Amino acid sequence: MNEPGTDYRDMWTALGLDLDMHDALLRALGQMYSDTFLTQANRPKSMGYFDFVMSEVHGLRIKELVTAQQQGRKVIGSFCVYVPEELILAVDGISVGLCAGAEFATAEAEHFLPRNTCALIKSFFGFTLARVCPYIAASDLVVGENTCDGKKKGYEPFRPLVKSLLILDLPQMKTEAGKTLLRGEYQRLANELERITGQTMTAERLRSAIAVVNAKRQALRRLALLRSAAPAPISGLDALLINQVAFYDDPIRFTAAVNAVCDELEERIAQKIGVMAAGTPRMVISGCPMAVPNWKLPQIIEQAGAVIVGEESCVGECGMRNTTDDSGQSVDALLDAITDRYWTINCAIFTPNPGRCEHVQEMVQRTNADGLIHYSLQFCAPYQIESVTIERELETRGTPVLRIDTDYSAEDREQLRTRVEAFIERIRN
Ligand code: BJ8
């Protein structure tokens with residue numbers, strides 16, 4: 001996916017990548033990207049920026065990271081939206097998301113993991129073992145977390161595969177004790193970030209980092225709200241792509257690009273231009289996060305004749321909504337505010353977790369959705385179990401729900417297509 005004519009092979013070799021495997025991955029990704037995104041009709045022109053970012057996601061962006069490292073900055077990788085980007089930026093670090101959304105070297109991953117591990121975990125193991133992920137290779141520190149059992153235990157065999165790994169001990173219940181634990185873990189992360197970067201986290205630096213991340217989340221919020229318009233001004237695939245790129249791109253540049261998309265969408269809405277015809281069934285999708293290049297289900301939904309108008313997931317509103325109060329005058333006060341903000345994330349690893357169902361319902365109402373598609377990765381017990389509650393609550397209130405359990409393989413594509421088409425038909429009738 002690198003820019004034609006640009007040769008990054010020396011950089012990839014220096015990062016320790018397996019060039020043959022990496023070439024094969026890039027060929028497959030490039031084809032998948034063209035088939036999924038560039039074939040869409042009526043895309044906003046401003047999506048060109050995101051096409052470019054994706055074409056350079058293993059090229060120019062990695063070069064930026066390596067150049068920053070040569071200037072003394074550190075790259076911090078993470079797998080979960082509970083890892084505050086604000087803390088990383090406050091020590092002049094660069095935050096990158098490491099979750100992977102494709103099958104790769106699954107057999108090798110299964111030397112470390114049981115077969116009944118979710119595809120997301122197997123995927124980041126596979127990408128690491130096959131030496132095809134420049135983000136993992138470039139990370140000076142990887143921050144993991146004990147959220148679900150698969151990740152919590154998976155980090156044990158993962159530790160020797162990366163330069164340095166810090167595990168956050170996340171609470172599992174939204175109690176005062178849980179919040180105190182989270183606050184303590186953020187302090188521990190802040191200390192480790194200071195140690196690894198040699199920088200001091202002052203209140204002023206933390207406030208400016210919060211401002212950068214708040215601006216990014218406000219832009220994503222603006223995008224989310226514009227999708228309530230009818231006809232929908234942007235496809236769910238493109239909106240998902242923007243949310244995925246949020247984990248890789250420079251945050252200030254990314255914010256400007258999202259606001260440019262929003263400007264264009266506002267013009268479209270004023271002129272009643274939709275990405276699909278008025279009256280197209282509108283869907284909210286909810287569930288496990290969809291990391292690049294996990295586009296299978298959204299593509300099937302939109303090819304089947306519906307438009308996705310919101311994502312309740314960590315690569316979507318669950319991870320990106322809500323800003324942080326930046327009025328605190330001390331590092332302690334700002335860490336309290338950061339804890340308050342991250343406490344509002346409703347991951348299914350919490351028990352009980354009523355806030356997630358409330359958020360899903362609010363999204364369905366706000367976006368005027370006709371139905372909800374709940375997406376779980378196979379073997380993800382937290383989301384699979386919650387999907388039953390969500391289905392019951394929403395169906396009781398008159399919103400049709402389709403529950404999908406899948407993985408990253410293409411094997412169930414046609415079966416999923418049939419189920420999604422039948423669901424859309426149910427909504428139309
Ligand atoms: S805050 S959703 S990013 S933990 S799909 S690995 S849960 S078995 S990713 Fe997540 Fe943080 Fe929660 Fe969000 Fe486990 Fe499920 Fe696999 Fe998952």
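Numbers here are sequence positions counted from 1. Keep in mind it's a predicted model, so treat the numbers as computed, not measured. One-based numbering, in listed order, for ligands and for the atoms of each.
- At a distance under 4.0 Å, no protein heavy atom can be found next to atom 17 (Fe) of ligand 1.
- Scored by the side chain to side chain contact (heavy atoms under 4.5 Å, CB included) test, E425 finds R428, N429 as partners (sequence neighbours excluded).
- Between F37 and F50, the ring centre distance reaches or exceeds 6.0 Å.
- Applying the salt bridge (Lys or Arg N to Asp or Glu O under 4.0 Å) test to every pair with at least one member in residues 163-179, sequence neighbours left out, gives these pairs: K179-D340.
- The contact set between ligand 1 and C347, taken as ligand atoms under 4.0 Å from a residue heavy atom, comprises 1 (S), 2 (S), 4 (S), 12 (Fe).
- Ionic pairing of K296 and E411 is not present here: no N-O contact between side-chain nitrogen and carboxylate oxygen is shorter than 4.0 angstrom.
- With ring centers used as reference points, Y342 lies 6.0 Å or more from Y82.
- Of the protein's non-hydrogen atoms, C314 SG, 2.3 Å is the one closest to atom 13 (Fe) of ligand 1.
- In this view, R227 and E311 satisfy the side chain to side chain donor-acceptor pair (under 3.5 Å) rule, not counting sequence neighbours.
- A salt bridge does not link K152 with E145: every distance from a Lys NZ or Arg NE/NH1/NH2 to an Asp or Glu carboxylate oxygen is 4.0 Å or more.
- The single protein non-hydrogen atom nearest to atom 11 (Fe) of ligand 1 is C80 SG, 2.3 Å, given as residue, atom name and distance.
- Note on atom 14 (Fe) of ligand 1: protein N/O/S atoms under 2.8 Å are C148 SG.
- Heavy-atom contacts of Y82 reach the following atoms of ligand 1: 1 (S) (cutoff under 4.0 Å).
- A salt bridge does not link R207 with E204: every distance from a Lys NZ or Arg NE/NH1/NH2 to an Asp or Glu carboxylate oxygen is 4.0 Å or more.
- Under 4.0 Å from ligand 1, the heavy atoms of P289 that appear belong solely to its side chain.
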* Criterion side chain to side chain donor-acceptor pair (under 3.5 Å) on Y49 and D249, from CA distance to verdict -> CA-CA 11 Å; Y49 172 79; D249 200 5; 2.4 Å; yes

